[in-house]
Q: 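My questions will all concern the structure given below.
Each ligand, and each atom within it, is numbered from 1 in the order the structure gives.
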Amino acid sequence: MANNSRKIKEIIDPQYAIEGAGVLLRRSFGPSRENLFDPFLLFDHFAFDKPTEGPPTGFPNHPHRGIETVTYMIEGNVRHRDSLGNSDVIGPGDIQWMTSGRGIMHEEMPKRGPSGIIDGFQLWVNLPAAQKMTDPRYQGVLSENIPTVEDDGVKVKIIAGEYSGVQGPVTEIAAKPLYMDISVSPEKEFSVPIPQGHNAVAYVFEGEGKFGIVDGDGGQNVPAINMVIYEDGDSIFVQTGKDHSVRFMLIAGAQIKEDIVPYGPFVMNTEAEIRQTFLDLQSGTFGQL
Ligand code: FE
């Protein structure tokens, strides 16, 4: 084990929030000028956990500029349509990594799966100033094309970044992110290197495990549902006890270190750029060259 593995800086208890047309979700953090999780701006967990509640609401047509939105589904689906002409369904285990660049309009409508539950995550990744007005781009990857490494009770689905020599399918992202869905069986260990200086968080959504172990001891038992915020270091180390497995999303990336001005679905670097975004929406040039 690396001797500079990361300690826990803070544990966040995700709070319920309502977004879109009345979507109930658990928000760990949202965009703010403090930019504490640079390059990450937001992490939401859809919370349609009452199968008998009727049809879910969604996110009707809305714009984005200056960010990337990343949707990963555990159960249920999200139907997606956008101004680039993409139209598809993000199903269990699928990922959609959308780079809004200078502008995209899209609609995200959750649908219940056979269990009636919709379980999924949306992550927002910041774009550096030099790429905020880039061409919009869309990387949709089906579950079967996302590599999974399974070894000694540890299962790692690699969306972005590298684990055990295997590279995730989402590439060419400015923040060089690591994004993985990790399951650890009882009485097992997991570790992965994370470059020093990158911000790292773990969203624990099933079971429980010990996080923030350094030099083989210490650490803290973290049950679902909580987000672990890590201090700096060169790796993370997780261990499970004999009664519990744990499942979590591990998210890490290089800090962009630029001032940000968030406003709803837009994240730019200055207030003038936010004003320009509204002017572009009014004049109908939003999303065009
Ligand atoms: Fe959106």
Side-chain angles (χ1 to χ4, degrees), residues 14-32 35 37 39-48 55-74 76-92 94-112 118-127 131-141 159-160 170 173-175 177 179 203 249 251 253 260-268 273-274 276-278 280-281 284 286-288:
Q15 298 297 303
Y16 280 105
I18 306 250
E19 284 292 337
V23 181
L24 182 64
L25 44 84
R26 285 191 173 96
R27 173 157 297 166
S28 296
F29 58 86
S32 82
N35 205 7
F37 308 101
F40 305 109
L41 299 161
L42 168 146
F43 189 81
D44 281 346
H45 180 183
F46 306 120
F48 298 102
T57 52
F59 302 89
N61 211 27
H62 60 276
H64 285 289
R65 174 177 279 181
I67 62 169
E68 303 185 277
T69 68
V70 183
T71 307
Y72 178 62
M73 297 307 294
I74 302 290
N77 307 288
V78 171
R79 197 170 54 78
H80 175 267
R81 275 202 291 229
D82 69 35
S83 52
L84 299 177
N86 298 301
S87 173
D88 61 6
V89 173
I90 310 161
D94 298 345
I95 189 91
Q96 184 213 61
W97 199 294
M98 192 189 77
T99 306
S100 75
R102 64 179 172 272
I104 201 163
M105 300 284 294
H106 75 164
E107 172 185 283
E108 298 154 286
M109 304 305 274
K111 287 176 78 175
R112 295 188 190 282
I118 300 171
D119 212 356
F121 307 113
Q122 190 164 84
L123 172 71
W124 289 12
V125 187
N126 196 19
L127 285 168
Q131 290 179 35
K132 283 207 179 282
M133 297 298 276
T134 190
D135 291 342
R137 185 169 71 132
Y138 176 104
Q139 299 184 67
V141 187
I159 297 162
V170 176
I173 305 293
Y179 194 26
Y203 187 78
M249 302 302 295
I251 308 160
I260 59 166
V261 179
Y263 193 98
F266 316 121
V267 181
M268 301 303 288
E273 288 166 348
I274 293 290
Q276 186 61 48
T277 303
F278 281 94
D280 292 349
L281 276 166
F286 182 87
Q288 296 175 15

Q: Less than 4.0 Å between a side-chain N and a carboxylate O, is that true for R102 and D280?
A: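 Salt bridge: no.
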Q: Looking only at non-hydrogen atoms, find the nearest pair between Y203 and S28 and report the distance.
A: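 Heavy-atom minimum between the residues: CE1-OG, 3.3 Å.
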Q: Identify which one of R79, H62, R81, Q96 satisfies the side-chain hydrogen bond (donor to acceptor under 3.5 Å, both in side chains) criterion when paired with E108.
A: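 Filter result, single survivor: H62.
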Q: Excluding waters, how many protein N/O/S atoms sit closer than 2.8 Å to the Fe ion (ligand 1)?
A: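 The number of such protein atoms is 4.
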Q: Can you check whether Y263 and F278 have ring centres sitting under 6.0 Å from each other?
A: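 Ring-ring flag for Y263/F278: true, centres closer than 6.0 Å.
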Q: If the plane angle is over 60° it's perpendicular, under 30° parallel, otherwise tilted; pick one for F43 and F121.
A: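 Rings of F43 and F121: parallel, under 30°.
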Q: Do L41 and I260 come within less than 4.5 Å of each other through their side chains, counting heavy atoms only?
A: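 L41 reaches I260 side chain to side chain.
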